[in-house]
There are 2 protein chains.
Amino acid sequence: MCHHCNYEELLSGADLEATPNRVRVLEVVGDNRFPLSASDIYKILERSSTINRVTVYRILDRLVENGVVERISTGGRAFYYGLAPNDYHQPHPHFYCKMCGQMDCLSPESLTVDTEALWKTYPGRIDKVEVRIDGICKNCEKRQTE
Amino acid sequence: MCHHCNYEELLSGADLEATPNRVRVLEVVGDNRFPLSASDIYKILERSSTINRVTVYRILDRLVENGVVERISTGGRAFYYGLAPNDYHQPHPHFYCKMCGQMDCLSPESLTVDTEALWKTYPGRIDKVEVRIDGICKNCEKRQTE
DNA sequence: AACCCAATGCAAATATATTGCATGAAGCTG
DNA sequence: CAGCTTCATGCAATATATTTGCATTGGGTT
């Protein structure tokens, strides 16, 4: 567990009853250094004890709705999920490797985006700014040349 | 047609034979002010004369591969397609409305991203930096309050 | 006790995209 | 020019990711 986060508290703080399944899902998402797909999360949970795939989707939806978890788009077909930004986790860009599908978190400073003007002037409602780098990660690049 | 772009030339310049279907697909993508989904493109093409959905997907794949068209992820499930950046089209961020699914192109200056440090230091291969704003567009926001 | 609601499970449906295989036209080779 | 190859296209089937409908269960409420 991230030493800043108590997952039960995170849940109740977001108006969500801390059911065992919700805690399990949130633990998997929160304990990972990088975002995971619903399918990844399901597989990890299945290893310890049974859970339904649909339940995982539904829990993820609720967590995203209530701002606990962030849904991140990839250059591929599935969404990935990571902890939503909060006091201890700043928003940050991600790197998506189109070969292995792994998504890395980049440091918030690695890329500076100035969104201030946009927030002021955009005529609609802005919920989120997503920055994603697509490419091929170091490992896959190496593997290719072998 | 965008007055800078001759679509046949764009195709042959990208090493792609300018077949009638490819030109049609590229016209639809290029003539639109904002990116479209494969399905949107298919529907528009069907209005003038018949084409297979799979052909549309395949043509889009080739166009993306050869750098003529850009595949843009959304906050939703489908990819959208727009002209790839070139001498006349700078890379720019997009706004995705989660209500109506419409994606707008924002001006390149509306948001400044400094990727220089990243390009220098990232250990893998970077193909693309995608910046997307998610939210609710002006129209949908208005419609909600009515 | 009767009721209600939310969480979960299972089966089926949906949306999007991809694959396999067939056809036909264009070009090349001998 | 006959035979071969290549590539674009079409059609049917399949794969993948996600969502929906409906039933069950358990906890709280009246």
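The sequence lines fix the lettering, A, B, ..., with proteins before strands; numbering per chain opens at 1.
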- Query: Is the side chain of A:Asp40 donor-acceptor paired with the backbone N or O of A:Ser37 at a distance under 3.5 Å, no angle test?
  - Reply: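 At least one qualifying donor-acceptor pair exists.
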
- Query: Near B:Gln144 CD, under 6.0 Å, is it more than 12 heavy atoms from other residues, nucleotides or ligands?
  - Reply: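 Enclosed: over 12 neighbouring heavy atoms sit under 6.0 Å from CD of B:Gln144.
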
When the distance from [atom1] of [X] to [atom2] of [N] is rounded to whole Å, what number comes out?
X	N	atom1	atom2	result
A:Leu60	D:dA17	CG	P	14 Å
B:Leu45	D:dT9	CG	C1'	14 Å
A:Leu26	C:dA7	CG	C1'	16 Å
B:Arg58	C:dA17	CZ	C1'	12 Å
A:Ile59	C:dA7	CD1	C1'	8 Å

- Message: Once hydrogens and angles are ignored, does a donor-acceptor distance under 3.5 Å link the base of C:dG9 to the side chain of A:Arg53?
- Response: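 No, no donor-acceptor pair under 3.5 Å.
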
Side chain of [X] - closest among [options]:
X	options	value
A:Ile51	D:dC11, D:dT18, C:dG9	C:dG9
B:Glu17	D:dA8, C:dT19, D:dT19	D:dA8
B:Asp61	C:dT18, D:dT19, C:dG9	C:dT18

- Side chains of B:Asp31 and B:Tyr7: donor-acceptor distance under 3.5 Å anywhere?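 Judged by distance alone, the side chains do pair up.
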
- Query: Does one side chain, of A:Glu17 or A:Thr19, offer a donor that lies under 3.5 Å from an acceptor on the other?
  - Reply: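 No donor-acceptor contact under 3.5 Å links the two side chains.
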
Is the phosphate of [N], meaning OP1 or OP2, less than 4.0 Å from a side-chain N or O of [X]?
X	N	answer
B:Thr19	D:dA8	no
B:Asn21	D:dT9	yes
B:Arg22	D:dA8	yes
B:Tyr57	C:dA17	yes
A:Asn52	C:dT8	no

- B:Glu27 with B:Arg24: basic N within carboxylate O range, under 4.0 Å: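 Result for this pair is no, no salt bridge flagged.
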
- Message: Heavy-atom nearest nucleotide on DNA chain D for B:Leu16 versus B:Val54: which residue maps closer to 5'?
- Response: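 Nearest nucleotide further toward 5': that of B:Leu16.
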
- Residues touching DNA chain D, which here means a heavy atom under 4.0 Å, drawn from residues 62-82 of chain B: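 Close to the strand are B:Arg77.
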
- Query: CD/B:Glu70 to OH/B:Tyr81 distance, rounded to the nearest 0.5 angstrom?
  - Reply: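 The distance works out to 11.5 Å.
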
- Taking atom CD of B:Glu46 and atom CG of B:Asn52, what is their separation to the nearest 0.5 Å?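 CG of B:Asn52 is found 8.5 Å from CD of B:Glu46.
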
